[in-house]
Each structure stands twice: as C-alpha cells, then as structure tokens.
Amino acid sequence: MSFRPAPRMIGSVPLGSIEVVAFDLETTGLNPTNARVVEFGAVWISAGQVREAQYYSSLVNPGIAIPAMSASIHGISDEKVAEMPGFSDCMKAFVNWVGPNVLIGFSIGFDLSVLEAEHARHGIPWNAPRTLDVEELVQVLAPDIKNYSLESVASWLGIEIKDRHRAVPDSVLAAKAFTTLIPRLTTLGVSSFAEAEKACKDFRSRNGAVAIPENRQLVDPVNVDSFRFRNRVGDVMNSPPIILGGGEPLKNAVSTMVEKRVGGLFIELETAPREFGILTEGDIIRALQVEGPGALENRAEKHCSRPLVTVHPKEFVYRAVIPMSKRRIRHLGVAGDDGMVVGAISARDLFISNLNDAVDLGREIEEAENPAELGRIWEGLATVARALVNESMEAREIAAIISRELRALTQRACELAEAELVAKGSNPPSEPYAMMVLGSGGRGESLLAMDQDNAIVFSSGGRGSESDAWCETIGRRVAAILNDAGVKFCTGGVMASNSEWRMSYADWTATVSNWIVRTQPDDLLNSDIFFDSMPVHGDFALANRLRRESIDSARQSLPFLRLLAQRSLGSPNPFGWLGRLRLERGRIDLKMHGVMPIFSVARVLALENGIYARSTAERLRAFGKIGKASKKQVDEVILAHGILLATILRQQLRDLDAGIPLSNRIAPDAFSTPDQSQLKWALEQVEVATGFLGIPVPA
C-alpha cells in the first residue's frame, strides 16, 4: 500500500497551523537501491507543537541479514526482527497511521528513495507523498553553516539531543527542528506550506541538488455543496414567521401547527417581551410524556425552548448549518438588525439529512482554541474557493464568502483575547466596545491575499481610561493572533493595536470631523477605509451608529467629497504603447489599476447620495437607480469589477499551488487569449466609472 494523497489546498495553510507527520527509517545500509527497512518511526506535529505522546514505532523483518556495521549504529539485530512482520505489512500499517497527511523528515530524500526501492522489490505501486525536508529548510535559512548534520542543526537551534539513531527519537528531533524553524522562516516571507515547498525547490535548483521524488498522485477536484454557498438565509427562509403569544395554551399551538402544516412555531415570551422561544413537535411530545393530556392546558411559554437561536437573513446558508450542528437542533429563527423575527429556517429547508455532514468551513473558526487552530481555516477556504471557481460561481460571491470568514477570524480572535485576559484576572470594562473590520473585509470583497484592517470603538472614556486600557490589550492581542493565523499585519498600521484606530465614540466623532475639515492626504486615506466598516464583535449598534453618523457628516461637506473624488482618479494608466498592458516582471497589479478605482468611485457616489450599502456592486446599483448614469454603463462597470476580482482570484489559486506569496498582481500571459481580451475590456471600464463623478480625468 502506498501513501494517500494530501489535500490539494494544504499548501495554503500556515506552517504553524499545519498537521504533519515527522518520520524516519532505520535501514540495513546507506545505499538506497539495496537498503532494506528495519524500523519505521514517526511522531505527530499539530498546531506548531510536537506531540511526543502521539508516535508510531514498528520494527520490520527485512528478509536478509542485518550487517554488523548497521546493527552497531542503530542497535537493531537479526534477533530483534526475527518475529516481526515483513515490509508489505508494516508499510500498510504505517500508511494507515499517517493518513492523508504531509510527511517531513531530515534529509528525507534518502528515506523516500529507500521506500520507492522497497515498493518495487515487493511489487507495490509507488506514489511519493507530499513532503518537506527539514535539512533543506535549514539551508534556506542559514546557507553558511558548515555542517548540516542533524546533530549540528539541533545544536544550532538549541535542541537537546536524546537517543540518536533510532527511528522515533530521530523523528522527534526532526520535528522539533521543524517547529523551531517556523518563526524564522516567517521572517523571510515563508509562512505557508506551499511557500516552504517552493523555497526548498528553489534552493535545490540554485545548488544543483537532487530533487526529492515528485508526488505523482492525481487528486480529484474537491466537490462542495454549492447550494449552501450560493444562497443566503433570506433566500430560503419561510416568511412571515408563525408566532404565538406565550400565554396561549399549548393546545392552541398544536392546532396552529396542524392547520399550517409546520413542525414548529415561535413563542413570544410574556415574561420577556420582544424575546422569543421555539416550540416544536418534539417539545409537545415531551410535555405530554411528562404531564399527560393536562399539559395541553398549560401556557405554551412553559414548554418552548429558549432563548431562540437566530441568524441574519443576509447570512450564508453554509453558516446557518453551523449552529444547527453544534446545538443539535433542526430549526432556527431569522432575525433582522432590530432583533425582530422575520422568518424561520429548518434543516429540511437546507436539504440537510444529517447535520454532522455539514460543511466544515467556518466551524474550525468557532471551535478554535488558539491561533494555530485558527490558521487551519486556510485549507478549507482555498478548497471551497477553488471548487466554486470551477463551478463558475461569480467572483463577488466567492469574495463575500472569504470576507465572511475574515470577519469570523477577527471575531474569534477577540473572543480568544478576552478569554486570555479574564484568565489572568482582568475584568471587562463596564462600558461596551465593538471591533470593526474595515476596507475590503467590510465591503465583502476580500480575496485570498488578506491582511488586517480593523478598528475599535468604545462607548466612553478617554486615553488611559479603564475602557481604553482593556481595548488596547485586546487590540494588540488580536493583531498578534490574526498574524499567527495567517492574516498578516497591515503594512499601513490600520489595526486596533494602534491608538489612532482605537478610540471612544466621542473621540472617533471628533476624528472623523477633522478628517472632513482638514482633508490632508492621510485623512483621505483613513476616511476612505473607515466608511466601509463592519462590526464583528461586541456592541454592533454602537459601531453601526458611528458609521452612519460619519457618513451623514461626510455627505454635508462638498469640499471633502470633491477631494475624495479627485483622489479616486489618481490610479496610473495600465495601458502603454499600442494599448498593451504595462507589466512589471511579467505582472500587473489589478487592484491598483482596476479594482481600487472602481470601489473608490462607488464609495464616493454612495457618500454623495446617502447610500449606506457597503459593497461596491450594491453601491453602484443604488446609484444607477438615481438616474445620473445610464443603466448600461453602470451594469458594465459592475461586470468589469467582477471580471477583475475573478482574474485576481484565479491567479491567487495558481500561486497557492506554486508556493508564490499571494498578492493582487496577475500574470496576463498565464491566461488564455479570450481571457486577456476580457481583462483589457474590464480595465477600460475604469474610465467609464470615473466618468460617473463628473470630474475631468487628469491627463
């Protein structure tokens, strides 16, 4: 039996979050063509930690005499392996233990060559696993070290050496070396598994080293249930909801359910007005079992389940599955921004027969207990993005899903940071606060090259207050957690860890006023991103009120709006001689030349016209309804925006496979001729979009 293929999108996972197996072999000799395996050893690495208690050890009968010299090194004699199974059985057991996980090892090419020869010797098909060589990673980091033996590397890294030349101890040593290297690799820009693969491959290419056997396994494309990603809760909910007063007798609820042919209804609680519970067939059966027929005369409120678990109508269906699965319930309420129930949704509406089969995307975030576990979201996110691209789903909808998970990552980071503070004896302030995601994450237009853009508002208290001290600690810890999970620090410093992005409500109001009045370049940049804010944790009403008041203030200042409009015209022309795209090292930044000017124009139009929508497409559609531009022009700009996002996303998925750091830069030559023509057309629509502002474009 040969190795099972690792998930294709494992390359997108941060090195500190990946689950891998470190392994080592002991053999009869050092010539891989005729050496036989005498011992398998392996240890698990999870969340950047070596799990020494989770190890694999197996002696192997090689079928030949073990040379005395080899036995003197590893201490494995003919007598010790005489009763052990042969290679085929041991290999099968080892493969089952490893599962579809990546293997790492020190000078792993030797071990793989031995295994390949053993497979050929025993007539077993060979497929090389996906691997990383710890020795090569060390050479990438420190090309000037004179001795790259495992002992020397361990000494260089400050790792204690125990029981060398047996498979399990050597696996543990290689595993510890790997985990120690991770933060050092990150400083070089090697943070994901695919980037580490590429770094090793580039090293071999530069130095003429022998390549590790390629993984020849073909991985079938992952299929996802696109229904759950294409639809929002509001698209599939049952509305209007059936609501009964909590004081009504249970028999009235039964009659209503029979009449309406439903399996449940909502109960508005008399004991807590504007709060709801849910009464299902199961609740009624339990009431009758416990109290008999007399239960039908009881108040319905007594037997309903509460509090009602709700989701927003704009939530994705795949996200609605998560609370059902976690709580083992089959019905949810749908509540709007004001908390009022506007509909109902059931597992049957979502076509779910088994809640345990629900998609895992999003669940990993909610259940994560540390940054490393948060980082595992990347594999699922990239896998879903690729599958939806293959199903021709609109790029804007895929970006909305990615943005939803970015906001969820930020929310969970806040929860983890708060839990850490409480565990250390700190108490939350009495005044509420809210964490907001800004920019593309707030607009719902993030792609896979994410960084942090966030801010905090707290209701009252100035610098140095109890609220400010708490939020400063939260902001700093959230920034670190997100960075460790693969959402990089914002290079512009737009993070709640910095005081200028963490203020009281009154200070934020004053700051926005200064932005609008002073209109300095930095003020324009800051205000741009702030108007896209979306609350993700804490007091949502506080954050939404701040955003709405900020938009209303900006709308009243024509000079400010005019400067914002002029700024959105500042992107360089992407076309050069004879209408060809201007490329730098074979690539062009589509965000700078296309996406940014379009979303900047849409933001200005929204401010000018009192449009409170966040996404670029919604803002443009609302502007189109006002009648200040032709519907055809608006529709074409929206289409162009989608084409640009789709092109960037497709390039990012290719770069993930190649281990190239993700960016908004695309290589046009990697796309087909029709795709290149479509891309040029989309970039030409930027001029149409800027024309909506009514300002002459600078020459």
Side-chain angles (χ1 to χ4, degrees), residues 232 234 312-314 336-338 394 396-397 399-400 403-404 407 436-446 453 455 508-509 512-513 515-516 519 523-535 540-569 594-642 644-645 685-686 688-695:
R232 308 284 181 130
H312 196 278
K314 290 185 179 180
D337 292 332
D338 58 1
E394 187 181 354
R396 253 188 304 268
E397 285 302 307
S403 301
R404 175 65 180 88
R407 297 196 296 269
M436 303 170 286
V437 168
L438 313 178
S440 60
R443 293 195 307 274
E445 294 166 7
S446 292
D453 289 314
W508 266 119
T509 301
V512 173
S513 296
W515 288 343
I516 294 172
T519 59
D523 297 331
L524 293 175
L525 177 63
N526 292 340
S527 60
D528 259 12
I529 201 171
F530 184 76
F531 292 125
D532 299 334
S533 66
M534 171 80 80
F540 282 34
L542 179 70
N544 284 328
R545 187 168 75 251
L546 174 62
R547 176 178 180 265
R548 192 174 189 91
E549 290 181 2
S550 299
I551 290 174
D552 290 342
S553 295
R555 188 184 180 192
Q556 304 305 315
S557 175
L558 293 180
F560 175 72
L561 293 176
R562 180 54 60 97
L563 285 170
L564 273 185
Q566 290 175 342
R567 182 175 178 274
S568 63
L569 303 178
V595 175
M596 184 181 292
I598 291 177
F599 74 61
S600 296
V601 166
R603 185 192 290 128
V604 174
L605 296 174
L607 290 172
E608 286 181 344
N609 295 282
I611 297 168
Y612 295 98
R614 289 183 173 88
S615 80
T616 298
E618 287 180 311
R619 286 168 169 171
L620 289 172
R621 289 190 189 101
F623 170 72
K625 292 178 181 178
I626 296 173
K628 295 182 180 179
S630 74
K631 183 178 184 303
K632 179 177 182 294
Q633 285 182 319
V634 172
D635 288 345
E636 287 182 343
V637 170
I638 292 173
L639 177 60
H641 180 250
L644 294 170
L645 289 176
Q685 305 315 302
V686 170
V688 177
T690 55
F692 297 159
L693 298 173
I695 301 175

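Hydrogens, waters and symmetry mates are skipped; everything else that's a heavy atom, side chains included, is used.
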Smallest separation among heavy atoms of [X] and [Y], with atom names:
X: Trp508; Y: Ala455; answer: CZ2-CB, 3.9 Å
X: Glu445; Y: Ala617; answer: OE2-N, 4.3 Å
X: Ile516; Y: Ser550; answer: CD1-O, 4.5 Å
X: Asn544; Y: Arg614; answer: OD1-NH2, 3.2 Å
X: Ile598; Y: Ala689; answer: CG1-CB, 4.3 Å
X: Ser440; Y: Ser403; answer: O-OG, 3.8 Å

(message) Tell me whether Ser568 contacts the main-chain N or O of Val601 through its side chain, where contact means a donor paired with an acceptor under 3.5 Å.
(response)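 Not confirmed, Ser568 side chain does not pair with Val601 backbone.
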(message) Using a 3.5 Å distance criterion without hydrogens, assess whether the side chain of Arg547 forms a donor-acceptor pair with backbone atoms of Asp532.
(response)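 Absent.
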Distance from [X] atom [atom1] to [Y] atom [atom2], nearest 0.5 Å?
X: Ile551; Y: Ser533; atom1: CD1; atom2: OG; answer: 7.5 Å
X: Leu620; Y: Phe599; atom1: CG; atom2: CZ; answer: 12.5 Å
X: Gln633; Y: Asp635; atom1: CD; atom2: CG; answer: 10.5 Å
X: Met534; Y: Asp453; atom1: CE; atom2: CG; answer: 14.5 Å
X: Arg619; Y: Ile638; atom1: CZ; atom2: CD1; answer: 13.0 Å
X: His641; Y: Leu639; atom1: NE2; atom2: CG; answer: 11.5 Å

(request) Determine the interplanar angle of the Phe530 and Trp515 rings, folded into 0 to 90°, and report it as parallel if under 30°, tilted if 30 to 60°, perpendicular if over 60°. (result)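 Correct class here is perpendicular.
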(request) Run the salt-bridge test on Arg232 and Glu397 with the 4.0 Å N-O cut-off and return the result as yes or no. (result)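 Between Glu397 and Arg232 there is a salt bridge, with a charged N closer than 4.0 Å to a carboxylate O.
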(message) Using a strict threshold of under 4.0 Å (side-chain N to carboxylate O), is an ion pair present between Asp337 and Lys314?
(response)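 Looking at Asp337 together with Lys314, the answer is no, because their closest N to O distance does not fall below 4.0 Å.
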Check: [Y] and [X] side chains under 4.5 Å, non-hydrogen atoms:
X: Pro559; Y: Arg562; value: no
X: Ile626; Y: Ile611; value: yes
X: Phe531; Y: Val604; value: no

(request) Pick out which of Leu561, Leu564, Leu558 makes a side-chain contact (heavy atoms from CB on, under 4.5 Å) with Glu608. (result)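 Among the candidates, only Leu561 passes.
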(message) Checking Lys628 against Phe692 for the side-chain contact (heavy atoms from CB on, under 4.5 Å) test, could you report, in this order, the C-alpha distance in whole Å, the side-chain angles of both residues, the deciding distance, and whether it holds?
(response) CA-CA 8 Å; Lys628 295 182 180 179; Phe692 297 159; over 6 Å; no
